[in-house]
Amino acid sequence: DILYECKFPTELEMDERGYRPLFTYEMIESAFVDHIELDKKPKLELGGDIGAGGDSNAYSIKSRNAWVTDKGERKQCEAMWIDDYNQVKDTMSNVTKVEDYLEKYPSLEARDISLDDTGVGKGVTDRLHEKGKNVNAVTLGAKPVNTMRFVNVRAEAYWGFAEWLKAGGRLKRDARWLQLTEVKYKVNTDRVIQIEPKSELIKRTGKSPDFADSGMLTFAAKAPEPRLEFI
C-alpha cells in the first residue's frame, strides 16, 4: 500500500530506522485454523532453518492442496504448519532428519525442501547433495529473482509469505507463528524492499526467528532443475 497507493505509514507504525511490520497480529490470527488434513497425494514443500548453539532447528511444511475447516466450512486450500524443532548440537543430524521426511512423505521431492544454506546450514546441504538429495540450498543474502523490487532472497521470500497469507493461505494454530509479527521491512534509498537484518532483529527481540524463517524458506525460489544435454 505504501509503494503503489501512495499512502504513508503513521509514526506509530514506523520505527526510528524507517522499518514497519510486514505481518500484523490480525493477519496471523485470521489465517489460523485448528485442523489441517492432507490430501491423498499432497503437494508438499518443506522449509528448514538450521540453527547452531542455542538456536532451534525448525521445520515447517506447506501443502498446496490441504483440507482445512475454516469458520465451519471444510475447504481445500494452501496451508502450513510448524512440524518439528529441536536443539540438537550436532548440526549434521539434520541430514538424517531430511531423509526421514523424504521417507515419511513419498510425494515430497528433495528439490521442494528449502534449507538455509547460510553458515552452519551449508554443511547440511552439501552433505545432502553428496548423497544425491538435490535439496534447494537457499542463500538468503543472495540476489533475488526480482532485483528491481527486492534487495535479497530473504526480502523476496518474506514478501511472498505475506502475500500468500493475504491471498488466503492458512496456518495451523500455533503461538510460535507470532514470531512473524517481529519481522519488519522498509523501502531503502534505491527504492527496493529490504527486511530488517536477522542480527538486528535478534538484538532487538533477544531471540532468533527460527519458526518464522522456516516458513519463509518455503517461499524461496528454487534453482532450475539440471538438464541432460546430448551432443
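Atoms CG and CD, from L178 and E29 in turn, are 8.0 Å apart once rounded to the nearest 0.5 Å. Put simply, CG on L217 and CG on L140 are 5.5 Å apart, with the number rounded to the nearest 0.5 Å. Atom CG of D190 and atom OG1 of T147 lie 11.5 Å apart (nearest 0.5 Å). Taken to the nearest 0.5 Å, the OG1 atom of T139 stands 7.0 Å off from the NZ atom of K122. Rounded to the nearest 0.5 angstrom, T69 OG1 and I36 CD1 are separated by 10.5 Å. Once rounded to the nearest 0.5 Å, the distance linking CZ of R191 with OG1 of T189 reads 10.0 Å.
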Go through the steps for L115 and V98 under the test side-chain contact (heavy atoms from CB on, under 4.5 Å), then give the verdict. CA-CA 10 Å; L115 303 178; V98 169; 4.1 Å; yes

Before giving the answer on side-chain hydrogen bond (donor to acceptor under 3.5 Å, both in side chains), spell out for D49 and Y59 the whole-Å C-alpha distance, their side-chain angles and the decisive distance to 0.1 Å. CA-CA 7 Å; D49 182 52; Y59 292 91; over 6 Å; no

Does the side-chain contact (heavy atoms from CB on, under 4.5 Å) test come out yes or no for L165 and I28, once each step is laid out? CA-CA 8 Å; L165 288 177; I28 306 304; 4.0 Å; yes

E130 and R127: salt bridge (charged side-chain N to carboxylate O under 4.0 Å, His left out), yes or no, with the steps? CA-CA 5 Å; E130 288 175 0; R127 180 57 181 150; 3.1 Å; yes

Could you check D116 against V138 for side-chain contact (heavy atoms from CB on, under 4.5 Å), going step by step and ending with a plain yes or no? CA-CA 5 Å; D116 184 359; V138 182; 5.8 Å; no

Dump the intermediate steps for salt bridge (charged side-chain N to carboxylate O under 4.0 Å, His left out) on K172 and D174, then the final yes or no. CA-CA 6 Å; K172 186 173 183 181; D174 192 319; over 6 Å; no

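Salt-bridge check for K62 with E78: failed, with every basic side-chain N at 4.0 Å or more from each acidic carboxylate O. Checked for salt-bridge contact, K222 and E45 meet the test: a charged N lies under 4.0 Å from a carboxylate O. The pair K166-E163 meets the salt-bridge criterion, since a charged nitrogen lies less than 4.0 angstrom from a carboxylate oxygen. Ionic pairing of E196 and R204 is present here: one or more N-O contacts between side-chain nitrogen and carboxylate oxygen are shorter than 4.0 angstrom. Classification of D39 and K41 as a salt-bridged pair fails, no side-chain N sitting under 4.0 Å from a carboxylate O. Electrostatic pairing of D15 and R17 counts as a salt bridge here, judged by a charged N lying under 4.0 Å from a carboxylate O. Salt-bridge annotation for D84 and K97: present, with a side-chain N of the basic residue lying under 4.0 Å from a carboxylate O of the acidic one. A salt bridge links K198 and D213; the closest N-O separation between the charged side-chain nitrogens and carboxylate oxygens is under 4.0 Å.
In terms of heavy atoms, V68 sits closest to A79 at CG1-CB, 4.0 Å. The two residues T91 and G51 have their closest heavy-atom pair at OG1-O, 4.3 Å. Contact record, P209 with I202: CD-CG1, 4.3 Å, taken as the closest heavy-atom pair. Nearest heavy atom pair, residue T218 against residue L46, reads CG2-C, 3.9 Å. The nearest pair of heavy atoms linking I195 to A155 is CG1-CA, 3.4 Å.
Proximity of the aromatic rings of Y158 and F219 is defined here by a centroid distance below 6.0 angstrom, and this criterion is not met.
Among residues two or more places apart in sequence or in another chain, the side-chain contact (heavy atoms from CB on, under 4.5 Å) test is passed with E156 by P144, V145, N146, F150.
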Return all side-chain donor-acceptor pairs below 3.5 angstrom for residues 100-108, not counting sequence neighbours, or 'none' if the list is empty.
{"residue": "Y101", "atom": "OH", "partner": "D83", "partner atom": "OD2", "Å": "2.6"}
{"residue": "S107", "atom": "OG", "partner": "P42", "partner atom": "O", "Å": "2.7"}

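The only member of F23, Y19, W159 that meets ring pair (Phe, Tyr, Trp, His ring centres under 6.0 Å) when paired with Y185 is W159.
Residues R20 and K186 fail the side-chain proximity criterion, which asks for heavy atoms closer than 4.5 Å. M148 has its side chain out of reach of V192: every pair of non-hydrogen atoms, C-beta onward, lies at least 4.5 Å apart.
Atom NZ of K43 has 12 or fewer neighbouring heavy atoms from other residues, nucleotides or ligands inside a 6.0 Å radius. The number of heavy-atom neighbours closer than 6.0 Å to CZ of F32, taken from other residues, nucleotides and ligands shown, is above 12.
Hydrophobic clustering, with ILVMFWY side chains joined whenever heavy atoms are under 4.5 angstrom apart, keeps W67 apart from V33. In the hydrophobic clustering of this structure, F161 groups with I82; members are Ile, Leu, Val, Met, Phe, Trp, Tyr whose side-chain heavy atoms approach within less than 4.5 Å, directly or through other members.
A side-chain donor-acceptor contact under 3.5 Å links Q194 and N188. At a cut-off of 3.5 Å, with distance as the only test, a side-chain donor of S114 or N136 sits close to an acceptor on the other residue.
The side-chain tip of R176 points at the ring of F211 from less than 6.0 angstrom away and within 45° of straight on.
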